Amino acid sequence: MSTPTLGFIGLGVMGEPMARRLVQAGHSLTVFDLNEAAVERLVALGASRAADPRAVANQAQIVFASLPTPEIVQKVALGDQGIIAGEQVRLFVDLSTTGPRTAKQVASALAERNIIAVDCPVSGGAAGAEKGTLALMVACPDAAYAELLPILNTLGKALFCGEQPGLGQTMKLVNNLVSVTALAVSCEALVMGVKAGLDPQVMLDVFNAGSARNSATADKLPRAVLPRTFDFGFTTALSLKDTRLCLDEAEAMGVPMPVGSSVRQVLNMTRAAFGDSADFTRITCLIEQWAGVEVPTRPRPSN
Ligand code: NAD
């Protein structure tokens, strides 16, 4: 089988490094984004530009998307100038976090045009996208997975979640709920410990040597909170979106999530205090304001 032509829509924090890795791996790539500067950077590496999602899908057999919200994914996939109207496209791979409902809607609409939708949300942040070490949570028919696997290996580690549309998205939503919950409670603990007189670095050392170790204590707090840069690379608005999608889905399924609901409110308050684009590690600053104490700055680890 000849190498398929690829397309990529959404060249943001996650999409740009992923698209770059595909071009650098030698794939023929057509790109589209509303942000012309991001398109220019990919074209400089050898990608072709397209005027809209439909034009991408006229050129590419496999189209990837990494877009902010379910509404934007629906428009890009199913709108008048959307992927659904493309002539070449066979597979639509949505790398965005959009929730299982959107994945199912998009899959059933595209199926009418014989386009297979693959839900493939990712975890690992901007650093994982740069290094090609993302976790990719894939749901699609077996044959599509077999075709995609060599391409997905360029982006990270593919983990097959099932054939049913939306299963990858459900996996992603619960993954992120666990991750942000660990962040919120770790920030609370850090601020309390500092107010009591503990050194924040000692606290992290103990957490990470013991039973409290999690992705916040091991990575987010040392990288973005102790240096007080608050630049982990994931916005409060996106984290709130993921949490909302997860809780809405859980509620529809009859699964109460009281802990997750509290975390949703913590994110709401962080957004109200610092804005949509504030990094979600700013949760710390919210708790600092309530506690009347500031976590003292410690240097960022060199690795
Ligand atoms: P981002 O806002 O940095 O990038 C989104 C890109 O989409 C931007 O370049 C924007 O110009 C473009 N865009 C918006 N509307 C468009 C449209 N109609 N047509 C074409 N392009 C359009 O977001 P991001 O952080 O890269 O996240 C992308 C997706 O990945 C989100 O669904 C997010 O939840 C998910 N995600 C993000 C992270 C992270 O750490 N940032 C990690 C895992 C998953």
Side-chain angles (χ1 to χ4, degrees), residues 8 10-22 24 33 35 38 41 64-69 73 93-99 119-138 152-159 161 168-169 171-187 190 204 207-208 213-246 263 266-267 270-271 274-285 300-303:
F8 209 108
L11 305 169
V13 169
M14 299 297 288
E16 182 173 349
M18 286 194 263
R20 192 164 54 230
R21 289 190 68 83
L22 293 173
Q24 287 170 342
D33 193 293
N35 175 1
R41 288 192 290 274
F64 292 85
S66 177
L67 294 160
T69 64
V73 167
V93 184
D94 188 10
L95 303 156
S96 331
T97 307
T98 51
D119 52 311
C120 185
V122 305
S123 180
E130 290 284 347
K131 289 186 225 150
T133 58
L134 293 169
L136 302 125
M137 293 156 256
V138 193
L152 297 180
N153 285 341
T154 309
L155 306 177
K157 183 174 172 53
L159 298 144
C161 297
Q169 287 290 342
M171 186 63 239
K172 168 67 179 168
L173 294 185
V174 293
N175 177 81
N176 278 28
L177 185 70
V178 171
S179 164
V180 71
T181 302
L183 173 66
V185 79
S186 301
C187 294
L190 189 73
L204 287 195
F207 285 153
N208 290 327
R213 180 182 169 86
N214 63 68
S215 60
T217 63
D219 189 21
K220 297 179 185 82
L221 301 192
R223 188 130 65 88
V225 173
L226 262 56
R228 298 197 72 77
T229 48
F230 304 108
D231 60 351
F232 181 72
F234 195 52
T235 66
T236 303
L238 284 181
S239 183
L240 190 55
K241 174 201 70 172
D242 293 354
T243 307
R244 173 177 56 79
L245 285 170
C246 187
V263 174
V266 170
L267 285 167
T270 306
R271 180 172 68 165
F274 304 108
D276 272 351
S277 58
D279 197 80
F280 73 158
T281 54
R282 283 261 174 213
I283 290 172
T284 317
C285 304
R300 194 191 291 256
S302 48
N303 56 1

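Because the structure is predicted, anything quoted here is derived from the model rather than measured. Side chains are part of it too, since the values below use all heavy atoms of this structure and drop only hydrogens, waters and symmetry mates. Positions are given from 1, in the same order as the sequence printed here.
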Exercise. Is a side-chain donor or acceptor of D33 paired with a backbone partner of L11 at a separation under 3.5 angstrom?
Worked result: yes

For this session: Go through L190 and T217 one step at a time and tell me if the side-chain contact (heavy atoms from CB on, under 4.5 Å) criterion holds.
Result: CA-CA 10 Å; L190 189 73; T217 63; over 6 Å; no

Exercise. When rounded to the nearest 0.5 angstrom, what is the spacing between OG1 in T281 and CG in D219?
Worked result: 11.0 Å

Exercise. What is the distance from atom CG of L238 to atom OG1 of T243, rounded to the nearest 0.5 Å?
Worked result: 10.5 Å

Seminar exercise, completed: d(L155 CG, M18 CE) to nearest 0.5 Å is 6.5 Å

Problem set entry | Inter-residue atom distance T284.OG1 - D279.CG, 0.5 Å rounding | 9.5 Å

Seminar exercise, completed: Scanning both residues in full, the closest heavy-atom pair of A129 with R21 reads O-CD, 3.3 Å

Exercise. Which heavy atom in M137 sits nearest to a heavy atom in S123, and how many Å separate them?
Worked result: CE-CB, 3.6 Å

Exercise. Okay, side chain of E130, backbone of P17: is any donor-acceptor separation there less than 3.5 Å?
Worked result: no

For this session: Using atom types as modelled and distance alone, determine if a side-chain donor or acceptor of K172 lies under 3.5 Å from a backbone N or O of V122.
Result: yes

Exercise. Between L159 and A135, what is the shortest heavy-atom contact and its length?
Worked result: CD1-CB, 4.0 Å

For this session: Drop me the distance from L67's CG to M14's CE, to the nearest 0.5 angstrom.
Result: 12.5 Å

Problem set entry | Nearest-0.5 Å distance, CG of residue L134 to NZ of residue K157 | 13.0 Å

For this session: Please assess N214 against V178 for the test side-chain contact (heavy atoms from CB on, under 4.5 Å), listing each intermediate value before the final yes or no.
Result: CA-CA 10 Å; N214 63 68; V178 171; over 6 Å; no

Seminar exercise, completed: Closest non-hydrogen atoms of I283 and C187, given as atom of the first, atom of the second and distance, are CG2-CB, 4.1 Å

For this session: Take R271 and L240, measure what side-chain contact (heavy atoms from CB on, under 4.5 Å) needs, and give me the verdict at the end.
Result: CA-CA 9 Å; R271 180 172 68 165; L240 190 55; 3.5 Å; yes

Problem set entry | Flag side-chain contact, heavy atom, 4.5 Å: Q169 against T98 | yes

Exercise. Does anything in residues 227-242 pair up under side-chain hydrogen bond (donor to acceptor under 3.5 Å, both in side chains), and if so which pairs, sequence neighbours excluded?
Worked result: N176-D242, R228-E288, R228-E294, T229-D231, T229-R300, D231-R300

Problem set entry | Donor-acceptor contact below 3.5 Å, side chain D119 vs main chain G168 | yes

Problem set entry | Minimal non-hydrogen separation, V13 against A126, with atom names | CG1-CB, 3.7 Å

Exercise. Can you check side-chain contact (heavy atoms from CB on, under 4.5 Å) on S96 and T69, steps first, answer last?
Worked result: CA-CA 8 Å; S96 331; T69 64; over 6 Å; no

Problem set entry | Partners passing ring pair (Phe, Tyr, Trp, His ring centres under 6.0 Å) against F274 (at least two apart in sequence or in another chain) | none

Exercise. Got a donor-acceptor contact below 3.5 angstrom from the N208 side chain to the L204 backbone?
Worked result: yes

Exercise. Is a side-chain donor or acceptor of S179 paired with a backbone partner of N175 at a separation under 3.5 angstrom?
Worked result: no

Problem set entry | F8 and F64 aromatic ring geometry - parallel, tilted or perpendicular at 30°/60° bounds | parallel

Exercise. Taking all non-hydrogen atoms of both residues, which atom of S186 and which atom of A216 are closest, and how far apart?
Worked result: OG-CB, 3.9 Å

